[in-house]
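Note sheet for the following structure.
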Amino acid sequence: MSQSISQVEDNASGPVEAWLAEIAKASRQPVDVVRGVLVEYGVRAHTVLPRPHRILVTAVEFEGVRPAPDGQQQDEADIPFRFEWQPGPGVWCLASRGKNEAGKSSVLEIILWCLRGRAGLQRDVRSWLRHVRCEFVLDAEPLEVEMTVTEGIPVGRVVSQQTGVVLVSFDGVKAFEESMDAFMLDRLGLEPLRTQQKARGDVEALPVTGELSWPSYASGLYINRKGLGYLLGNDSKNALPTRLLELFLGAPWAATMVAASVAQKVVAAQLSAARQRAAADAEARRAQLGELTRQLDAERARLEALPDHGQAAADLGVAYRTLADATTAASEAQRQLAAARLRHDTLEEQRHSLAQVVQTAQEAVLAHAFFHTLTPTICPRCDTKVSKDQWAREQEGHCSLCDSRLPDSSGHGDTQGEEEEDTPETLRQALAGVQQEVEEAASALATTQARASAAADAVNRADAALNEALKDPGTGERRAVELAVARLEGAVAERKGRFTHLDAAVDITPLEVANAVLKAAEKAAHTRRTAALKQVLKDVEQDIVTMGRALGLEMLQRVELGTGATLTVWKGGQQHPYGSLTEGEQLRLKIVTTTALLRHGIRSGVGRHPGLLIVDSPGAEEVDSKDLRLMVQDLVKLTDMAPELQVIIATARGQDVASLIPEGQLRLAPPGQRLW
């Protein structure tokens, strides 16, 4: 027997048990039912997060052929290129001196392509590539992604440089993305996060469910101008910024909350649809029953209004019964007639056969008598004359031709008793007996034929009498109405008894239980996740304000970082949402927020961010040289605090940051030229 809710609460010793007890109490369901629902919908308690994992890019190398600047496409005009770079921990920079088309962003996109499997390269650049290789260290294992590229289509593999084992093979754009997705999720200890969205168009359709996988997680590694409208990542689909905030901070219960929320919304939609169907079915049944009842009342009223043709109705009933009896008698007469005809035909066939046997027997007797009076003189075989001695042997009872024993001419031999029944006389007697039976059968057949004819006449008379009775319009109408009333009474009774239990909607009870359990699970997980994040977010908010002021946001007073990855900013005495800020302000706040979250994750040791940050073009036009230098300095300080952290920057303002990048970690294109 299941434990009661209060008993479970008293016995809840760990965080998971306490969570289950809270769900049981809120949903008013036993704990074993709660467990069953959570298992069915894939909701697990994530109280302790796996250890953080680290990614460090150690080499990127690619080569190919690009068209000449004048746009010629002849082979002799194509320009081969090759690029090699070996970054490491700390801040590394790809830079040019004011030239935007120097290939910096393409290097970043190639690195990201190798890490996440999803290509963000422009189509023309991808078509130039012929060979790509990227080395990175995942925790302590050095790995290599190597691929050939033909017309933008990659074919390659991921190899462990420690063991030489091929870990992943791929052929094609989609295969590469799917392979890296599965590989990186497994190696980083991440789980796909379930998502749901309302279906477009059909308001009654179930939510569209999906998953946030590694490419979505990887957007937390990358800051560029196209994604400035989002505080974290480059997209707001499926609450991605919120998921990334939880990733940076290693929030416990976050995955549980998301899984329960998604499952509950799906179940709620199923429950709503089921209720609507049940209500529609019940309404249809009520409407159908009401229509049948209305028709029944109308036919009953019509029947009561008809005049009572008592005698006519009685005559009609007699006519129906007479026709039924006559039909039964006719059927029996036909059966007897068939039996009599069969007996007569069988006896007639026997008589004919016996007459032939009698004829044959008579002919045999005559032939025997004739041949025994003959005296042979020569042998019919060889024409030899019969001698006197041979004739003398016949007197002794032997044939004068073959010397065989002659039969007893008296007719009293040894076989007399056996052949007595086959004599012509006995056969004639048997034939006489069969002839008499045939005559009797013929008489019986004639009698049954007469009886069958009489029965058929009786049916015709009864049918005519019924038709005559039905000609009375009052009687026919009353009979039709009586039949209609009987039919409608049966239909009403059948529907009242057959569908009554469906109005209780017992089929939606499991969905109601699941909805209550999942709603309680999501709320309990949300409470725990939010409590764990609130104090952390206070510390991060202070870091954002301090670094934001250092990056030129002098009027910044305070910020509020919400658990949904929202940022509210107070500056100049006014409150501003992040989305209303200028592009330059968004860039600085996005960098400092990401930096602050990384700092806290590193300090606490629970942040799940893999420690790689790629920043494309932080020196936007709205950012002056001083602020850009401050941003880079802060990133350098962050990597000093966390030596395992790697930051890769691409900027067209290399002259502004050259002195800040550690020696040997800046790749600066010559004036007016490309990096590759």
Side-chain angles (χ1 to χ4, degrees), residues 55-87 92 94 96 100-138 142-161 164-185 187 213-216 218-219 221-222 224 226 234 612 614 616 648 650 667 669 673-676:
I55 295 176
L56 177 68
V57 177
T58 56
V60 57
E61 173 187 322
F62 56 88
E63 60 185 48
V65 179
R66 69 171 182 270
D70 61 2
Q72 296 179 6
Q73 296 299 317
Q74 292 81 7
D75 292 342
E76 59 270 15
D78 290 345
I79 301 173
F81 61 84
R82 180 178 178 81
F83 179 83
E84 295 182 22
W85 195 35
Q86 290 79 39
W92 293 73
L94 298 166
S96 61
N100 284 326
E101 299 296 328
K104 306 177 299 297
S105 296
S106 295
V107 176
L108 300 184
E109 289 291 354
I110 288 173
I111 293 173
L112 287 168
W113 190 17
C114 291
L115 291 178
R116 69 190 177 192
R118 178 180 294 176
L121 277 169
Q122 294 183 3
R123 188 172 297 178
D124 57 345
V125 176
R126 202 167 80 188
S127 69
W128 301 344
L129 294 171
R130 300 293 182 268
H131 181 265
V132 176
R133 190 176 69 85
C134 180
E135 296 179 4
F136 64 98
V137 178
L138 202 166
L143 304 171
E144 177 186 73
V145 178
E146 184 175 16
M147 56 184 166
T148 58
V149 185
T150 305
E151 296 182 352
I153 306 300
V155 177
R157 59 186 189 168
V158 180
V159 180
S160 170
Q161 292 184 320
V165 174
V166 177
L167 304 173
V168 173
S169 296
F170 53 88
D171 185 349
V173 175
K174 186 174 181 61
F176 186 24
E177 180 176 334
E178 292 176 348
S179 299
M180 288 304 292
D181 180 19
F183 177 74
M184 295 299 282
L185 283 179
R187 288 302 184 96
S213 203
W214 168 239
S216 299
S219 65
L221 313 179
Y222 189 33
N224 63 2
K226 289 190 294 186
N234 301 315
L612 170 64
I614 297 176
D616 190 10
I648 300 176
R667 186 73 173 266
Q673 297 185 26
R674 297 174 58 89
L675 281 172
W676 46 273

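Keep in mind that what you see is a predicted model, and the values were worked out from it rather than measured.
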Please find the pair of heavy atoms, one from [X] and one from [Y], that lie closest to each other, and give the distance.
X	Y	value
Val173	Pro154	CG2-CD, 3.6 Å
Ser179	Val168	CB-CG1, 3.3 Å
Pro80	Asp78	CD-O, 3.7 Å
Ile79	Pro67	CD1-O, 4.4 Å
Phe83	Leu675	CD1-O, 3.9 Å

If you apply the rule side-chain contact (heavy atoms from CB on, under 4.5 Å), what do you find for Leu129 with Trp113, and how did you get there? CA-CA 13 Å; Leu129 294 171; Trp113 190 17; 4.1 Å; yes

Could you tell me the separation between the [atom1] atom of [X] and the [atom2] atom of [Y], rounded to the nearest 0.5 Å?
X	Y	atom1	atom2	answer
Ile614	Ile111	CD1	CD1	5.5 Å
Leu143	Arg187	CG	CZ	6.0 Å
Ser96	Gln673	OG	CD	11.5 Å
Trp92	Gln86	CH2	CD	8.5 Å
Leu108	Asn224	CG	CG	9.5 Å
Trp85	Leu94	CH2	CG	3.5 Å

Any donor-acceptor N/O pair, [X] side chain to [Y] backbone, under 3.5 Å:
X	Y	value
Ser160	Val165	no
Trp214	Met180	no
Ser219	Ser216	yes

Among Lys226, Lys104, Arg116, the one residue meeting salt bridge (charged side-chain N to carboxylate O under 4.0 Å, His left out) with Glu109: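 It is Arg116, the one option of Lys226, Lys104, Arg116 that forms the salt bridge (charged side-chain N to carboxylate O under 4.0 Å, His left out) with Glu109.
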
Using side-chain contact (heavy atoms from CB on, under 4.5 Å), reason through Val159 and Glu146 one step at a time and then give a plain yes or no. CA-CA 8 Å; Val159 180; Glu146 184 175 16; over 6 Å; no

Would you say [X] and [Y] make side-chain contact, with heavy atoms under 4.5 Å?
X	Y	result
Trp676	Ser106	yes
Ile648	Val107	no
Val57	Leu115	yes
Arg157	Glu144	no
Ile110	Cys134	no

Going through the checks in order, is the side-chain contact (heavy atoms from CB on, under 4.5 Å) test met by Thr150 and Val155? CA-CA 8 Å; Thr150 305; Val155 177; over 6 Å; no

What class does the angle between the rings of Phe81 and Phe62 fall in, given that below 30° is parallel, 30 to 60° is tilted and above 60° is perpendicular?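 Perpendicular: the ring planes of Phe81 and Phe62 meet at over 60°.
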
Name all pairs fulfilling the side chain to side chain donor-acceptor pair (under 3.5 Å) condition that reach into residues 117-130, sequence neighbours left out, sorted by first residue then second. Arg118-Glu177

Applying side-chain contact (heavy atoms from CB on, under 4.5 Å), run through Leu56 and Leu612 and close with a yes or a no. CA-CA 7 Å; Leu56 177 68; Leu612 170 64; over 6 Å; no

Might you confirm whether atom CZ of Arg133 has over 12 heavy atoms from other residues, nucleotides or ligands at distances under 6.0 Å? yes

